[in-house]
K.L.:
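Got a structure here, written out as structure tokens. Questions coming.
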Amino acid sequence: MGSTGDQPIVMAGPVPFVDVVVDNAGGAAVANKADPGGVLPQEEEYESIVSSLPSNPKLQLLCYQGKWLLESWVPGIIAIQRPGGGFAPRRGDVVLASLPKCGTTWLKALAFATMARRAHPPPPPAAGDDDERRQRHHPLLRLNPHDCVPSMEKLFAAGLGSKIMDALPSPRLMATHVHHSLLPASITDNPHCKIIYICRDPKDMIVSLWHFVRRRLPEIPFLELFESACEGRCLSSPIWDHILGYWNASKTRPETVLFLRYEELLHDPADSVRKLARFVGQPFSPEEEEAGVVEDIVRLCSFERMKNLEVNRAAGLSPVLQQNAYTNGSFFRKGGTGDWANHMTPEMAERLDAIVEEKLRGSGLSFRS
Ligand code: A3P
């Protein structure tokens, strides 16, 4: 339920989570940080959990349950994992999962545009006043994709999790960077909850991550991040565990886990959008195909289009979550494949490829071209 003026309206999801306005009278509410919804671990409890964990203060990481995670996410992850406390799944929930820098922003945009297309038709190429007006009103033209689809651990860590998640109309769309093994069974074993995973060549992921981390740590050498990735100790590492967890789940439960690759999206985005739509139970009708809706979604979410939008060009921050060094624009850099060759020697690339290949051996998954 949301409200426009005095008239409450029932909204079908997904809706941009930053548009969900919380009132403390029990309706859809925007977060009240003083009342986090009772799901965050108390300070002493949190201290006792994390005080003995290995840490990397420079990268602000903690090794929680064997995975290197951004320390600021950990309270949110604990809240989500808490049985009956944090995350209450609903029929129709769709979780977008990824390692950081593997195309999360793009997947958020594509999934949102696809699932919300009845309420918000993707604008066709601008042709007249009506189209212009429609263009301005599409959420993805006024908001960064991260303000449309919440990142669960950030939302829960900010104490906003259950309030905003409960207020969102179904079907809900949300995202996580957490390893499959760290998600609660209420998501992973739930036949009514779907997961869409996107992975990327780890070499390009690490280059992208380095550029991102440099916004906060301008002096960090590429080699330092590269070494920590090879040792399985950089952000969201071990990265092979992350990829394998979702890969294996997609093989065991293909009806609830869809495995996508960034490179495939680049190669044929329309094919991936159709796959995504079928997977979430909203295939494109012959009429929509005829009208070019798939192409409109692809165009709306294309790198050039998104990067050049005013909302993403600005140094803007999420109105709800804030991102500090990470402005809306920082999620759009080059948007292609193979940038690793500008940062790694052939020997470095071979070393990382060999590590990943060894870890993925026998899985049927490979990043070797
Ligand atoms: P590069 O740094 O290699 O350019 P994430 O969204 O998981 O943080 O990933 C960010 C990466 O996805 C960045 O890669 C970014 O440029 C790229 N990206 C963002 N939006 C994109 C889009 N619409 N199409 C293709 N790539 C996109």
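None of the values given here were measured: they were computed from a predicted structure. Both counts, for ligands and for their atoms, begin at 1 and track the order of listing.
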K.L.:
For Q65 and L182, work out which heavy atoms get closest and say how close.
P.N.:
OE1-CG, 3.7 Å
K.L.:
Can you list the ligand 1 atoms lying under 4.0 Å from a non-hydrogen atom of F332?
P.N.:
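Counting atoms of ligand 1 from 1, those under 4.0 Å from F332 are 16 (O), 19 (C), 20 (N).
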K.L.:
Please list the nearest protein heavy atom to atom 7 (O) of ligand 1 with its residue and the distance rounded to 0.1 Å.
P.N.:
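Heavy-atom neighbour on the protein nearest atom 7 (O) of ligand 1: T104 OG1, 2.6 Å.
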K.L.:
Can a non-hydrogen atom of Y262 be found less than 4.0 Å from any atom of ligand 1?
P.N.:
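Right, Y262 reaches ligand 1.
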K.L.:
With heavy atoms under 4.0 Å as the rule, classify the contact between S302 and ligand 1 as side chain, backbone, both or neither.
P.N.:
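The answer is the backbone of S302.
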K.L.:
Record the part of C301 in heavy-atom contact with ligand 1 below 4.0 Å; permitted values are side chain, backbone, both and neither.
P.N.:
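The backbone, only.
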K.L.:
Which heavy atom of the protein is the closest neighbour of atom 19 (C) of ligand 1, given with residue, atom name and distance?
P.N.:
F331 O, 3.1 Å
K.L.:
Please state which protein non-hydrogen atom is closest to atom 14 (O) of ligand 1 and give its distance, to 0.1 Å?
P.N.:
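It is R200 NH1, 3.3 Å.
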K.L.:
Using distance alone, determine whether H146 and ligand 1 share an N or O pair under 3.5 Å.
P.N.:
no
K.L.:
Could an N or O of ligand 1 be found under 3.5 Å from any N or O of G336, whether backbone or side chain?
P.N.:
no
K.L.:
Does any N or O atom in P100 lie less than 3.5 angstrom from one in ligand 1, N or O only?
P.N.:
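N/O-N/O distance below 3.5 Å does not exist for this pair.
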K.L.:
Using the test salt bridge (charged side-chain N to carboxylate O under 4.0 Å, His left out), find all partners of R313 that sit at least two apart in sequence or belong to another chain.
P.N.:
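Listed in chain order: nothing, the list is empty.
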K.L.:
Could you identify the single nearest non-hydrogen protein atom to atom 8 (O) of ligand 1 and state the distance to 0.1 Å?
P.N.:
K101 NZ, 2.7 Å
K.L.:
Classify the angle between the aromatic ring planes of H138 and F112 as parallel (below 30°), tilted (30 to 60°) or perpendicular (above 60°).
P.N.:
perpendicular
K.L.:
In terms of the angle between their ring planes, are H146 and F331 parallel, tilted or perpendicular, with boundaries placed at 30° and 60°?
P.N.:
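Correct class here is tilted.
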K.L.:
Give a yes or no on whether R368 atom CZ has more than 12 heavy-atom contacts from other residues, nucleotides or ligands under 6.0 Å away.
P.N.:
yes
K.L.:
Is it the case that R351 places NZ or CZ above or below the six-membered ring of F226, under 6.0 angstrom from the centre and within 45 degrees of the axis?
P.N.:
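The answer is no; the distance or angle limit is not met.
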K.L.:
Of all the non-hydrogen atoms in the protein, which one sits nearest to atom 24 (N) of ligand 1, and at what distance?
P.N.:
W106 CD2, 3.2 Å
K.L.:
For ligand 1, which part of S208 has a heavy atom less than 4.0 Å away: the side chain, the backbone, both, or neither?
P.N.:
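Looking at S208 and ligand 1, atoms from backbone and side chain both fall under 4.0 Å.
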K.L.:
Nearest to atom 6 (O) of ligand 1, what protein heavy atom do you find, and at what distance?
P.N.:
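Among all protein heavy atoms, the one nearest atom 6 (O) of ligand 1 is T105 OG1, 2.4 Å.
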K.L.:
Before we go on, tell me: are the rings of W73 and Y64 under 6.0 Å apart, centre to centre?
P.N.:
no
K.L.:
Measure the acute angle between the ring planes of F303 and F332, then classify it against the limits of 30° and 60° as parallel, tilted or perpendicular.
P.N.:
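F303 vs F332 ring planes: tilted.
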K.L.:
Give a yes/no on ligand 1: does H211 have at least one heavy atom closer than 4.0 angstrom to it?
P.N.:
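Contact absent.
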K.L.:
If only side-chain N and O atoms count, and only distance matters, is there a donor-acceptor pair under 3.5 Å linking N144 with N312?
P.N.:
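N312 vs N144: donor-acceptor pair found between side chains.
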K.L.:
Can you tell me which residue and heavy atom of the protein come closest to atom 16 (O) of ligand 1, and the distance to 0.1 Å?
P.N.:
R333 N, 2.9 Å
K.L.:
Return the option from G103, S98, A175 holding the heavy atom at the smallest distance from atom 12 (O) of ligand 1.
P.N.:
G103
K.L.:
With salt bridge (Lys or Arg N to Asp or Glu O under 4.0 Å) as the test, pick out the partner of E224 among K58, R233, R214.
P.N.:
K58
K.L.:
Any idea which protein heavy atom is nearest atom 21 (C) of ligand 1, and the distance to it?
P.N.:
F303 CD1, 3.6 Å
K.L.:
Does an N or O from G335, backbone or side chain, lie closer than 3.5 Å to an N or O of ligand 1?
P.N.:
yes
K.L.:
State which residues pass salt bridge (charged side-chain N to carboxylate O under 4.0 Å, His left out) with E264; sequence neighbours excluded, sorted by chain then number.
P.N.:
none
